[in-house]
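To keep things clear, I will list the structure first and then write my remarks on it.
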Amino acid sequence: MPVSSSAGPAPAPATRRFRAAVVGASGYAGGETLRLLSGHPHIEVTTVTAHSSVGRLLSEVAPHVDLGADLELVETTAENLSGHDLVVLALPHGQSGGLAAELRQRDPDVLVLDLGADHRLESSEDWQEYYGSEHAGTWTYGMPELPLAADDPTAAVRQRELLRDTRQIAVPGCNATAVTLALAPLVRAGLVDPGALNAVLPVGYSGAGRSPKPHLLFSEATGGAAPYGVGGTHRHIPEILQNLRRASGVTDARLTFTPVLVPMSRGILAVVTAPAADGAHEEDLLGALAADYADEHFVQVLPAGRFPSTQQVVGANTVRIGATVDRRSGQATVIAAIDNLVKGTAGAAVQSLNLALGIPETAGLTRTALAP
């Protein structure tokens, strides 16, 4: 007579955990990436690197992050970064290209994500004009929700599909994320004039980085608002126009773009205006936004008459969008709110690496914000 067992069915094999390294771990972008990865069910951060903070413990430079072990920050070298499944580069613009190339040479299969701008632009001329150095090349763009225009119906219809089969991801700029997701459906649908786009963006000071500078001191910043990158000089302009071109096929879009530092730690409120197409109404704008983002977990299109605030997205990997048309002026207004460090940077990186690694896209991320 066979012996029965009360142990039940054999347990399913444990899900693989991927080994990760974060470069620039002592900065805001690197620190936010660590915060999100600390709760990720499939990723273990085993190496953190820095420049001026080498030799210090993570608990000294990022005491809010609990990885389960107090790692020591080591020097940023390809040797220290080898042997990982993924490497996140949170470096200043212009510093990722050489290191990334060395990493890829050592291990062609490693997944590398660049939180800087080095690999976002397709045009080397645009890069040289706005950044003034040699272009490092173009990587797969890390905005899964970006709709893609294509004459071929078999082509990818979302950037998401392209992220599933890549080992090099260029994470979008934070301002570019807010403006792109606000405008792309409307330009695609022909509901606004792409030749007269305007965006003003109140931005939190964490978007300026962690390096101490006089104009970023609390005594200088509190109680005031300060524009920067005025008059077509901001580096996110070619990125936004590139995104709109890829989403709609429109090649002659023009954008006036003005970010404004305001005294809050994090957040972006993109206020985007453009002449509405003849006969376009609020319901048309909201309908186009809802149609393009109907299945997007992290994009929330608000009902008529409602508009987002930055408080509603702090800590969340969410973009909230509201839209209307001023019947007197004929101007369409679209307002998008994101957390610049989450959906604008680290959250976009985690969402994209999830796709590239074949794990659930939402892993390690939340739509729930902090309040108050």
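Side-chain N/O atoms of Ser38 and Asp66 include no donor and acceptor closer than 3.5 Å. Defined by atom type and a distance below 3.5 Å, a donor-acceptor pair is present between the side-chain atoms of Ser123 and Glu125. Side chains of Gln168 and Thr166: a donor-acceptor N/O pair is absent below 3.5 angstrom, by distance only. At a cut-off of 3.5 Å, with distance as the only test, no side-chain donor of Gln300 or Arg367 sits close to an acceptor on the other residue. Side chains of Glu122 and Thr138: no donor on one and acceptor on the other come within 3.5 Å. Judged by distance alone, the side chains of Ser96 and His119 never bring a donor and an acceptor atom under 3.5 Å apart. Side-chain contact of Asn340 with Ser206: a donor-acceptor pair under 3.5 Å is present, judged by distance alone. In this structure, a donor-acceptor pair under 3.5 Å is absent between the side chains of Thr76 and His51.
Test Arg160, Arg158, Gln351 against Glu145 for side-chain hydrogen bond (donor to acceptor under 3.5 Å, both in side chains) and you get one pass: Gln351.
No side-chain heavy atom of Ile321 sits under 4.5 Å from any side-chain heavy atom of Leu302. Within the 4.5 Å cutoff, the side chain of Leu67 has heavy atoms near those of the Leu58 side chain. Side-chain contact between Val45 and Leu34 is present, with heavy atoms from C-beta onward closer than 4.5 Å. When side chains are defined from C-beta on, Arg254 does not count as touching Pro194, because their heavy atoms never get closer than 4.5 Å.
Side-chain atoms of Arg306 never come within 3.5 Å of backbone atoms of Ala323 as a donor-acceptor pair (strictly under, hydrogens ignored). Using a distance-only test at 3.5 Å, with no hydrogens or angles considered, a donor-acceptor pair links the side chain of Asn354 to the main chain of Val350.
Atom CD of residue Glu361 and atom OG of residue Ser352 lie 8.0 Å apart, to the nearest 0.5 angstrom. For the atom pair Asn175 CG and Ile240 CD1, the distance stands at 7.0 Å (nearest 0.5 Å).
Ring orientation note: the planes of His93 and Tyr131 are nearly perpendicular, at an angle over 60° on the 30°/60° scale.
Under the 4.5 Å side-chain heavy-atom criterion for Ile, Leu, Val, Met, Phe, Trp and Tyr, Tyr141 and Tyr130 are members of the same hydrophobic cluster. There is no path of hydrophobic side-chain contacts, each under 4.5 Å, that joins Val271 to Leu255. By the rule that hydrophobic residues join a cluster once side-chain heavy atoms approach within less than 4.5 Å of another member, Val179 and Tyr293 end up as members of one cluster. Linking Ile, Leu, Val, Met, Phe, Trp and Tyr residues whenever their side-chain heavy atoms come within less than 4.5 Å leaves Val61 and Val23 in two separate clusters.
For Arg167 and Asp109, the salt-bridge test fails: no basic side-chain N is under 4.0 Å from an acidic carboxylate O. Between Arg19 and Asp85 there is no salt bridge, since no side-chain nitrogen of the basic residue lies less than 4.0 Å from a carboxylate oxygen of the acidic one.
For His40 and Phe18, the ring centers sit 6.0 Å or farther from each other.
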